[in-house]
Amino acid sequence: MNKTKGIVVAVLAIALGLGACNSGNMRRNPGKIYAPDMTYSQAYDAYTHNPNFADGETSRLPVNGTIARGHELPDHLVEGDTNAYKTFTTSMRFTDAELAEGGRLFNIYCGVCHGNKLDGQGPLYTSGKFVAMPANLKDSKYLSMTPGTMYAAIKFGKNMMGSYASQLDIKQRWMVIAYIKQIQSENGGAPFTFGAKEEHTAMAMEETKH
Ligand code: HEC
């Protein structure tokens, strides 16, 4: 008797097991859902029509006048206003790590023409593939160039040099300029003023006091 019971239980278990697999008879309906609005998102998918906005677009631009986290205020420099270029500057100061990052960016974006040594002998120019002579940033003309004029060259380009505004954000542009100014200061240029070492130690001391 016990044996038959055992067999019945085993057969039932196998039948249930197979039933769970639902093989051969696929169910396409997920069955009852407790909270459908949690299972199925009510959000609009990107690029779909959205009746909630006048322009019908779901993907929105940032609100006017807002600045993304970690980004700088816009610079308001207008192309062609060379007087404004000369006096344009920044209060940003950079740590050694940031200056090294400026150097890395320079070698990526500028070195191909201006040379990693800033001497205007980058491989694109020396190979003859790019005919316009890039500025020799170690030349006295450029040693005395104001940071704002350099900034304008990066933002708007200069004659045969294209704009790097889309590759370098505002902070990165200044990091590159600070790097150039640091090298220039070691090659007869004005003393380097973009360093932040002292300010940082002062801030660190201020923090330990609290
Ligand atoms: C494709 C080559 C090329 C690249 C890349 C390039 N430049 Fe230039 N750059 C030039 C040339 C050519 C000039 C000379 C323009 C002139 O005076 O006619 C120049 C001029 C300059 C000047 C002098 C601007 C002035 O007002 O006289 C600065 C500063 C400068 N470049 C910085 C940079 C920086 C920083 C980068 C990288 C973000 C860079 N360049 C990338 C070709 C290049």
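In each ligand, atom 1 is the first atom listed, and ligand 1 is the first ligand listed.
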Quick test: of every protein heavy atom, which one is nearest to [atom], and how far off is it to 0.1 Å?
{"atom": "atom 13 (C) of ligand 1", "answer": "Ala135 N, 3.8 Å"}
{"atom": "atom 3 (C) of ligand 1", "answer": "Cys113 SG, 2.7 Å"}
{"atom": "atom 34 (C) of ligand 1", "answer": "Cys110 SG, 3.4 Å"}
{"atom": "atom 17 (O) of ligand 1", "answer": "Lys158 CE, 3.8 Å"}
{"atom": "atom 42 (C) of ligand 1", "answer": "Met161 CB, 3.6 Å"}
{"atom": "atom 5 (C) of ligand 1", "answer": "Tyr164 OH, 2.8 Å"}
{"atom": "atom 9 (N) of ligand 1", "answer": "His114 NE2, 2.9 Å"}
{"atom": "atom 25 (C) of ligand 1", "answer": "Met145 CE, 3.4 Å"}

Per-atom contacts, ligand 1 versus [X] - under 4.0 Å to a heavy atom:
{"X": "Val176", "result": "35 (C)"}
{"X": "Phe130", "result": "1 (C), 2 (C), 12 (C)"}
{"X": "Tyr109", "result": "5 (C), 37 (C), 41 (C)"}
{"X": "Ala132", "result": "12 (C)"}
{"X": "Met133", "result": "12 (C), 14 (C)"}
{"X": "Ile154", "result": "35 (C)"}
{"X": "Asn159", "result": "16 (C), 17 (O), 18 (O)"}

Answer with yes or no whether [X] contacts ligand 1, where contact means a heavy atom under 4.0 Å from a ligand atom.
{"X": "Ile177", "result": "no"}
{"X": "Lys141", "result": "no"}
{"X": "Arg173", "result": "no"}
{"X": "Tyr142", "result": "yes"}

Discussion item. Once you restrict to heavy atoms under 4.0 Å, what part of Ala153 touches ligand 1? Side chain, backbone, both or neither.
Written reply: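 Side chain only.
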Worksheet item: Does Leu168 approach ligand 1 within less than 4.0 angstrom via side chain, backbone, both or neither, non-hydrogen atoms only?
Response: side chain
Worksheet item: So with a 6.0 Å cut-off around CG of Asp55, is the heavy-atom count from everything else above 12?
Response: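 Enclosed: over 12 neighbouring heavy atoms sit under 6.0 Å from CG of Asp55.
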State the [atom1]-[atom2] distance between [X] and [Y], to the nearest 0.5 angstrom.
{"X": "Leu137", "Y": "Leu143", "atom1": "CG", "atom2": "CG", "answer": "9.0 Å"}
{"X": "Trp174", "Y": "Phe94", "atom1": "CH2", "atom2": "CZ", "answer": "8.5 Å"}
{"X": "Leu99", "Y": "Arg93", "atom1": "CG", "atom2": "CZ", "answer": "11.0 Å"}
{"X": "Leu73", "Y": "Ile67", "atom1": "CG", "atom2": "CD1", "answer": "4.5 Å"}
{"X": "Phe106", "Y": "Glu101", "atom1": "CZ", "atom2": "CD", "answer": "14.0 Å"}
{"X": "Lys138", "Y": "Ile180", "atom1": "NZ", "atom2": "CD1", "answer": "12.0 Å"}

Worksheet entry | Joint cluster assignment, Tyr164 & Tyr125, ILVMFWY side-chain distance < 4.5 Å | no
Say whether, by atom type as modelled, one donor and one acceptor occur between the side chain of [X] and the main chain of [Y] under 3.5 angstrom.
{"X": "Arg173", "Y": "Tyr151", "answer": "no"}
{"X": "His114", "Y": "Ala135", "answer": "yes"}
{"X": "Asn187", "Y": "Ile183", "answer": "yes"}
{"X": "Gln184", "Y": "Tyr142", "answer": "yes"}

Discussion item. Check the orientation of Tyr85 and Phe156. Use parallel for under 30°, tilted for 30 to 60°, and perpendicular for over 60°.
Written reply: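 Parallel.
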